[in-house]
Structure formats: structure tokens, C-alpha cells
Amino acid sequence: MYRVENDLIGDLEIPESAYYGIQTQRAVNNFHITGVKLSNYPELIQALAYVKWAAAETNCELGVLDENIKNAIVQACQEIIAGKYNKEFPSDVIQGGAGTSTNMNINEVVANIALEIMGHKKGEYQFCSPHDHVNLSQSTNDAYPTSIKLAAINSNMVLIDHLKQLIESFRKKGKEFMHVLKMGRTQLQDAVPMTLGQEFEAFAETLSEDVERLTQNSNLFLEINMGATAIGTGLNAIPGYAELCAKKLAEITQLPFISAKNLVEATPDTGSYVIYSSALKRVAIKLSKICNDLRLLSSGPRCGLNEINLPAMQPGSSIMPGKVNPVIPEAMNQTCFKVIGNDLTVTMAAESGQLQLNVMEPVIAYSLLESVHILMNAMDCLRINCIDGITANEQHCKDMVLNSIGIVTALNPYIGYKNSTKIAKEALEKNLSVYDLVLENKLLSKEKLDEILNPQNMLGPHKYKD
């Protein structure tokens, strides 16, 4: 069963059961791009509904929207926010028109739900119109970016929760491995001793820095351009709408939204997306580097570093029996590559804005929300399936320290760099220990040497005595 709606292009059949209308159906027909629907991102649908709710409250208070229609619109928005109508958002996340299809999708769904609330049929828009009532005092160019920003703020808060859980897992391993002596490395060469706990604590600390960075950058989304309408001049918005709508949105979301000082500047501006995307990229780069380290530290089991054991998740080869690969860090690496690529997409889309509008915001929204989603999923996968189950090969780590040339660094203050270099070179060439060569060359007494080369004395700054 179908109902017929019309627009400036002409008539079009809409499924009778659909709460969306003709402009949404045109988007479904026009854009077969990613196969990813708006319904895949309920946080964006909720944000759109919050914006329409705030707009209705504002218009009613300013005397341009009937209270009964306002109440129906608000109830419709609340039902959408509760998740009852996610399937009514079927259009592709990438679309032309600067997000008009998405804005009209929410307008149509809200209008048709409101119509039923008021006792009318879907499509009887003379009683509640997607344009004249739901979209009153608005344009896609202010409602759509405001919704993206709200969705990004809410998604970011969830992302941070997942990140904190991963950080805590690294910290627990840092405490568990704090007594495990191992060799630190620079440029993949032996450096000086450290503990495995120090290494894992460093993983936790570098990620914890990004909690603050993500929060700071997402706060830029709190400045919105509601009331800008088409290009920032506010044409067709009632006086006082911009400030009041920002206030209403702040009240219903409990987030401190403010109206932009210059709506003409704010409407084409995508700077907040760029800087937030850069924060996501920074997290991805750090996570990928950490996973590179995990793969190196677990390499082997007999011909690699073999300092740690990652949980065995699946057979590693269709041809090599017994092989187990670090599949979880590998999946995290690939996720990070996608996030880094999405950041470039956001950058190019932001750069492509022209004059009073940036029409590329759909791909910006898609890139940001996709990055958040896949990062959350991958971080959970890494935490649960890898980090929490890592074990240490403690004796092997210690043996490598004792056999390392790198411990000669600790002798520099006592025998000088030149003598230390000579000892290191000879130890390497003759496969001898640093310890034996120092005694053989009578550079230090056995008692002093034991004190200096005690690995525990090389784990932090300390005073040295002649």
C-alpha cells in the first residue's frame, strides 16, 4: 500500500506505513553510495530530534507556533529519542545537498508522528507540516550541523568511557609486571634496563592524556548556529530565536550550548570538526604504536623477543601447524588506519567549503561517527581479548638483561665513555659478558661493579660515588 506525496519535482509513491515522506524517499532513490544508513547512527537521529524539540519550544514561546502543534512535535521528538523510529531513517549517510535529505527525513518523521498524535493521518500536512511547523525558523544549514555537534558530543562521552576502561587495563598490567626486569630498546637496539611494568604504565599514561584532549576538543561543539537559517543572516527566523533556541537546547540536553557570536561566520565554519577529528587521529596513532609494540614484544615464540605472551585467539595459519598470530593487535592497527584515513576525509571536506556554506558536512558527520564507533569497538576487543590476558616470560626477560651489552651504559660515570665503548665493542665481538671484561681489565673492583651493575639500580635516577 502506498500514499502519494508531491514536491517541486512531482508526485511520488511512499509506503503507506512509512513515517518518512517524499524527500526522504527521493534520497533513498538517489543515493546508493555506502550502503550505510542513517539508522546505523542512532545518536545522530536522537540529536536531530533534540534540535527539532528545542526549535518547537522556541517558536511556541516566541508566539509563531500553535501550542497544540508544539506539544505534538515535542512528544514525537521524545518518542524518536527513545529509539522507537530508527528504521524510519533509511537514506545513505553520504548524500548531496549539504544534509537537506537528513534534515527533511527528521522533519517528515516528526510531522507524521505528530499528525497521528493529533488524530490525523500520515501525509495530512495541512495540520502539521514538515516545512511550515517542524522546520519553522530553521534551515538545513543550521539544524543539521547543530545535530552533528550534539551527536558528536554524546558519542565522545561514550568513547571516553571505553578509553578509560582500556587505560585501567594497562595500569593493572603495569602493577602486575612492575617487578619484571627487562631490557629497554631504542631504534630496535638494546638500550638500558627497565621493568615490564614501567612499559605498560607508559602505555596507560600516554592514552590518559587523550581523555583531556578529547574533552577539550569536543567542547568546541557547544557553539551552535541555530537561527542562522540559510547563510547566517537569520532570514525567516523570528527575532530572538537564535539565543533562545540555544538556551532551550541547553535545557533539554543538559549541555551548555551557546549561540555563535557571528552566525554568518559560524554557518560555513567546520573548524570544530577538524580539531576534534585530529584528537581522534591522535588516539588512533597512539593505539597503533602500542599494538606495534605488543606484536614485537610477543614475537617468537622461539626466534623473537618473546617477552610477553598474548592470549591465543585462533590458529594462525592454514599451512603452518602450531602458529598463533597476534590477531587482536592487528585488528586494532587496521582500525587505527581507518580512523587516520577518516581524518584526512574530514580535512579535505572542511577545505572544500565555498562561500557561505560547506556542503560536504554529510561525509564529515559519517567520518567522525564511524571513527568513534570503530574505535570503541576495537578498544573493547583489545582490552577484553588481549590486554587483560597478557602474561610475562619473566625469567627470559631477566636473562636478556644480564646478557645485554646495554648495561655498559651504567659504567659511563665510573670508567668514562671511551672505556665503556671499548668494553662494549669487545663484549660484542668476542661474545663475552660486560661484567667479565671489566674485571679482566681491572677497571673496577668486583664489589663496586656488583653495586653498579645491579639491574635494580638502573631503573631510575640515582647519585653515584667514586
Side-chain angles (χ1 to χ4, degrees), residues 43-65 70 73-74 77-78 81 98-100 102-103 106-107 110 131-157 215-277 350 353 355-362 364-365 368:
E43 64 269 45
L44 180 56
I45 295 171
Q46 291 177 338
L48 289 160
Y50 273 116
V51 168
K52 298 302 172 179
W53 176 357
E57 295 275 10
T58 304
N59 284 317
C60 184
E61 185 167 323
L62 292 174
V64 293
L65 182 65
K70 182 269 290 187
I73 289 174
V74 169
C77 290
Q78 291 170 340
I81 291 166
T100 295
T102 297
N103 186 44
I106 186 67
N107 288 338
V110 169
H131 292 93
D132 298 332
H133 300 116
V134 183
N135 200 59
L136 181 61
S137 302
Q138 304 154 66
S139 162
T140 293
N141 304 344
D142 54 8
Y144 182 59
T146 299
S147 301
I148 295 172
K149 291 177 178 181
L150 174 55
I153 290 170
N154 288 334
S155 295
N156 183 67
M157 289 189 285
T215 301
Q216 288 178 339
N217 287 11
S218 70
N219 283 341
L220 295 175
F221 293 140
L222 293 169
E223 183 180 275
I224 59 175
N225 72 326
M226 289 298 288
T229 64
I231 64 169
T233 60
L235 180 66
N236 289 357
I238 197 79
Y241 176 89
E243 293 76 13
L244 182 58
C245 191
K247 179 182 178 182
K248 292 290 186 182
L249 187 61
E251 289 174 355
I252 64 178
T253 63
Q254 296 298 297
L255 294 168
F257 285 105
I258 59 171
S259 182
K261 294 179 181 178
N262 186 321
L263 295 178
V264 174
E265 180 277 332
T267 299
D269 179 43
T270 52
S272 58
Y273 303 133
V274 173
I275 198 166
Y276 179 69
S277 181
L355 303 177
Q356 279 69 59
L357 182 65
N358 189 315
V359 303
M360 308 300 177
E361 284 188 326
I364 291 177
L368 290 179

Please check this pair: side chain of Asn217 against backbone of Ile275, looking for a donor-acceptor N/O pair closer than 3.5 Å. yes
In short, Ala56 meets Val74 closest at the heavy-atom pair CB-CG2, 4.5 Å
Output for pair (Leu136 CG, Asn59 CG), nearest 0.5 Å, gives 4.0 Å
d(Leu244 CG, Glu251 CD) to nearest 0.5 Å is 8.0 Å
Rounded to the nearest 0.5 Å, the CD1 atom of Ile224 sits from the CG atom of Leu150 at a distance of 9.0 Å
Checklist entry - Is there side-chain contact between Asn107 and His131, with heavy atoms separated by less than 4.5 Å? => result no
Taking every heavy atom of Gly99 against every heavy atom of Pro362, the minimum-distance pair comes out as N-CG, 3.6 Å
Here the pair of heavy atoms bringing Ala246 nearest to Ser259 is CB-N, 3.7 Å
Could you tell me whether Asn236 atom CG has more than 12 heavy atoms of other residues or ligands within 6.0 Å of it? no
- Task: Start with the C-alpha distance between Tyr241 and Val64, add both sets of side-chain angles, then the distance that settles side-chain contact (heavy atoms from CB on, under 4.5 Å), and finish with yes or no.
- Result: CA-CA 11 Å; Tyr241 176 89; Val64 293; over 6 Å; no
Looking only at heavy atoms, the pair that brings Ala98 and Thr140 closest together is O-CG2, 3.4 Å
**Prompt:** Any idea how Tyr276 and Phe221 line up, ring-wise: parallel (<30°), tilted (30 to 60°), or perpendicular (>60°)?
**Reply:** perpendicular
Would you check if the side chain of Gln46 reaches a backbone N or O of Ile81 as a donor-acceptor pair within less than 3.5 Å? yes
Practice task
May I ask you to decide if Tyr273's main-chain N or O and Ser277's side chain share a donor-acceptor pair within less than 3.5 Å?
Solution key: no
- Could you check if a side-chain atom of Thr215 sits within less than 4.5 angstrom of a side-chain atom of Met157, using non-hydrogen atoms only? no
Q.
Strictly distance-based, threshold 3.5 Å: is any side-chain N or O of Gln138 a donor or acceptor partner for the main-chain N or O of Val134?
A. yes
With Lys248 as partner, the option from Glu243, Glu61, Glu57 fulfilling side-chain hydrogen bond (donor to acceptor under 3.5 Å, both in side chains) is Glu61
One should read off an interatomic distance between Asn225 CG and Thr267 OG1, to the nearest 0.5 angstrom, of 4.0 Å
- Message: Please determine whether side-chain contact (heavy atoms from CB on, under 4.5 Å) holds for the pair Ser272 and Lys149, giving the CA-CA distance in whole Å, both sets of side-chain angles, and the decisive distance to 0.1 Å.
- Response: CA-CA 9 Å; Ser272 58; Lys149 291 177 178 181; 3.7 Å; yes
Exercise. Keeping the roles fixed (side chain from Asn358, backbone from Pro268), state whether a donor-acceptor pair exists under 3.5 Å.
Key: no
* Asked: Given Ile153 and Phe257, is the side-chain contact (heavy atoms from CB on, under 4.5 Å) satisfied, shown in steps?
  -> CA-CA 11 Å; Ile153 290 170; Phe257 285 105; 4.0 Å; yes
Here the gap from Leu48 atom CG to Tyr144 atom OH, rounded to the nearest 0.5 Å, amounts to 8.0 Å
The reported gap from CG in Leu263 to CG in Asp142 (rounded to nearest 0.5 angstrom) is 8.5 Å
Between Ala230 and Asn141, the two heavy atoms sitting closest are O-ND2, 2.7 Å
Smallest heavy-atom separation, Ala47 atom then Ala151 atom, equals CB-N, 3.7 Å
Practice item. Give the intermediate values and the outcome of side-chain contact (heavy atoms from CB on, under 4.5 Å) for residues His133 and Leu65. Key: CA-CA 7 Å; His133 300 116; Leu65 182 65; 3.8 Å; yes
